[in-house]
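Written out below as structure tokens is the structure these notes cover.
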Amino acid sequence: MIKELIGRGFMVTINQSVDFATASDVAGAFNVQVSPKAMDASEGVIAAEIEEEENLRPRPPVVTILGHVDHGKTSLLDAIRQTNVTEQEAGGITQHIGAYQVEANNQKITFLDTPGHEAFTAMRARGAQVTDIAVLVVAADDGVQPQTLEAIDHAKAANVPLIVAINKVDKADANPDRVKQQLAEAGVVVNDWGGDVEAVEVSARRKTGIQDLLETILLVAEIKDLRANPNRPAIGTVIEAQLDKTRGPLATVLIETGTLNVGDFVAVGAVPGKVRAMFNERGKRLKKAEPAMPVEILGLSDVPQAGDRLHAAPTEQAAKMFAQQHAQQISQEAQAVARPMTLEEMFKTDNQVKDLNIVLKADVQGSLEPIQVSLERLATDEVKVKVIHQGTGNVTDSDVLLAQASHGIIVGFNVRVEPGAKRAAESASVDVRLYNIIYDAVEDVRKALIGMLEPKFAEVHEGRAEVRQIFGHNGEVAGSMIVDGRITRNAIARVLRGGKVVSEGRVESLRRFKDDVREVLAGYECGIVLSGVANLQVGDVIDTFRKERVAGDVPL
């Protein structure tokens with residue numbers, strides 16, 4: 001087998017692992033058929049996800065704190081924990097994702113302290129759904145702010161129950177009733193107003209209402225009936241990870257099911273390791289971590305990614321094998337989880353897509369409602385059109401994250417895409433569509449729902465060159481001067497003679513003196529070879545361009 005592998009270009013040893021496709025090819029050379037073996041049960045790395053009812057035990061709820069900046073998220077958590085975090089952090093603003101466990105009425109509650117809804121949604125965009133309940137902090141003196149509305153939409157998109165904590169009620173200008181009215185206008189109707197969202201008035205500074213908030217969290221958790229099996233190999237999610245200068249790779253992991261023990265072998269995404277030590281949020285050493293408990297673990301071979309899954313393994317070899325064999329698979333799964341649907345693909349999914357989630361941005365508030373109503377009226381029996389967030393201003397990173405996590409698209413009206421958001425959208429394959437006319441936006445979505453939408457492309461001019469001399473045995477090299485922009489290899493090219501297009505092809509090669517180059521800028525001479533173009537003449541003009549997909553009727 002080693003000889004066969006080396007013959008195929010794989011320099012391996014007897015102890016080395018290969019991927020299934022390679023193993024299958026090699027086995028075929030010996031007339032042996034192979035089939036992939038699931039490592040889950042046989043290797044004990046991942047036990048079955050479906051748990052027997054009798055093995056499940058109640059577990060603590062995992063709570064995320066969301067809200068507008070400076071409304072007292074960290075101060076509230078500080079009051080809950082009875083320790084001082086705020087003063088230790090620059091500006092009193094949370095600088096990292098932390099995870100803490102507190103006790104109330106002899107029951108535990110796990111809090112994830114995030115910098116904001118972007119971090120909350122980023123975890124979901126990576127495929128990690130770790131939050132059971134979201135606590136929305138709203139300052140009684142400041143009321144509902146734009147970030148509050150965004151946090152509400154992000155929590156709704158995640159289908160996480162909300163509890164409203166109206167903070168700073170001790171202030172002289174506090175007005176909880178105004179907050180409740182503003183929340184109702186935003187679609188969050190609290191119990192006092194006949195809704196189903198719990199609202200608790202608190203003061204983080206005076207530490208009042210804290211017990212009521214904790215009891216409300218426990219009440220909502222009891223309704224959700226949160227349970228897990230502690231008597232199985234641990235599965236968890238990485239909340240944050242870093243490389244410590246003295247201790248090496250550290251990962252904060254939230255255990256979801258099972259129990260993690262010191263000494264366990266683990267695979268965290270594509271990173272294997274052995275749990276050498278575990279610490280809680282106060283730095284206390286732990287011997288084991290049960291479901292819904294956040295712990296910092298030491299002993300990984302590298303720094304994992306936030307959102308990676310942790311799986312306990314029975315042996316070191318099993319952990320390494322799992323990490324190695326699943327490295328590529330995990331990457332593909334992460335891309336599949338994060339990759340939203342484009343509008344062109346809506347009809348091609350055999351009715352698998354039941355919701356078309358839309359993040360809607362417009363230049364002015366008055367445009368939002370008519371566009372939203374027009375889009376949502378397009379819903380059919382197969383597909384529900386749902387605007388999960390709307391707001392004014394340019395498309396931002398937060399909008400892209402929400403669309404990514406919700407497998408949705410972004411529709412913009414008379415707005416642009418901020419540079420950072422554009423890069424994020426391209427990286428995550430989020431479909432961003434910009435329009436100047438409401439009818440065009442509605443018509444595109446309508447066509448997508450009936451399978452008629454075709455992608456649109458626009459030509460983007462790149463450069464222009466004048467042919468000064470002809471070289472080569474067959475006159476195929478055009479000695480040219482770049483007079484505008486730049487000429488790049490593989491660009492689409494048109495040859496103009498007397499102002500008329502005489503042929504079209506592609507830039508096959510570029511030469512500067514004796515060197516092959518990828519591009520040549522304006523003001524420089526070069527040799528150009530065009531594929532599919534013959535009989536170039538001195539004086540011809542070579543125009544090059546590229547085709548870019550346009551979002552709606554506006555190029556991205």
Side-chain angles (χ1 to χ4, degrees), residues 121 146 149-150 152-154 156-157 186-187 339-349 351 353-426 428-460 547-556:
T121 307
L149 296 173
E150 286 191 19
I152 291 169
D153 289 334
H154 285 240
K156 283 182 177 177
R339 191 184 183 283
M341 189 67 58
T342 65
L343 209 51
E344 290 95 353
E345 295 168 344
M346 274 296 302
F347 190 74
K348 304 173 186 175
T349 55
N351 293 332
V353 177
K354 297 299 180 187
D355 290 321
L356 171 57
N357 292 325
I358 295 175
V359 175
L360 178 61
K361 298 302 288 284
D363 55 342
V364 291
Q365 192 71 32
S367 301
L368 289 170
E369 189 174 349
I371 300 174
Q372 179 175 351
V373 170
S374 300
L375 290 174
E376 291 183 342
R377 278 180 184 161
L378 297 173
T380 67
D381 293 338
E382 288 82 22
V383 183
K384 182 180 177 185
V385 181
K386 187 178 179 185
V387 175
I388 57 173
H389 174 65
Q390 56 166 295
T392 56
N394 288 340
V395 177
T396 65
D397 288 357
S398 177
D399 299 321
V400 174
L401 268 177
L402 181 54
Q404 182 186 359
S406 306
H407 305 275
I409 67 167
I410 297 172
V411 172
F413 179 68
N414 281 341
V415 296
R416 308 301 298 175
V417 183
E418 291 185 358
K422 183 179 179 182
R423 289 191 295 271
E426 289 170 353
S429 300
V430 170
D431 196 5
V432 182
R433 296 187 162 264
L434 306 178
Y435 300 90
N436 297 324
I437 301 169
I438 293 178
Y439 171 80
D440 290 339
V442 176
E443 187 63 13
D444 268 7
V445 174
R446 187 188 69 79
K447 285 180 180 178
L449 298 184
I450 60 175
M452 292 172 55
L453 185 68
E454 295 293 332
K456 298 178 185 177
F457 292 91
E459 291 184 1
V460 179
K547 289 187 176 181
E548 276 193 1
R549 188 172 71 83
V550 296
D553 57 350
V554 182
L556 268 175

Atom [atom1] of [X] and atom [atom2] of [Y]: how far apart are they, to the nearest 0.5 Å?
X	Y	atom1	atom2	result
Glu376	Leu360	CD	CG	9.5 Å
Leu378	Leu375	CG	CG	6.0 Å
Ser406	Lys156	OG	NZ	13.0 Å
Asp397	Gln404	CG	CD	11.0 Å
Glu443	Tyr435	CD	OH	10.0 Å

Asp431 side chain near Ile410 side chain, heavy-atom distance below 4.5 Å: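 Side-chain contact under 4.5 Å: no.
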Test item: Asp444 side-chain N/O and Ala441 main-chain N/O as donor-acceptor pair under 3.5 Å: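 No, the answer is negative, given that no donor and acceptor are paired below the 3.5 Å cut-off.
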Expected output: side-chain Asn394 to main-chain Arg416 donor-acceptor under 3.5 Å: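 It does hold such a pair.
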Any residue meeting side chain to side chain contact (heavy atoms under 4.5 Å, CB included) with Asn414, in chain and number order, not counting sequence neighbours: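 Once residues adjacent in sequence are excluded, the partners of Asn414 under the side chain to side chain contact (heavy atoms under 4.5 Å, CB included) criterion are Asp363, Asn436.
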Distance-minimising heavy-atom pair for Val430 and Ala403: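 So the minimum-distance heavy-atom pair works out to CG1-CB, 3.8 Å.
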With Asp153 via salt bridge (charged side-chain N to carboxylate O under 4.0 Å, His left out) - residues at least two apart: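 Asp153 satisfies salt bridge (charged side-chain N to carboxylate O under 4.0 Å, His left out) with no other residue.
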Carboxylate-amine/guanidinium proximity below 4.0 Å for Glu426 and Arg423: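 No, Glu426 and Arg423 are not salt-bridged.
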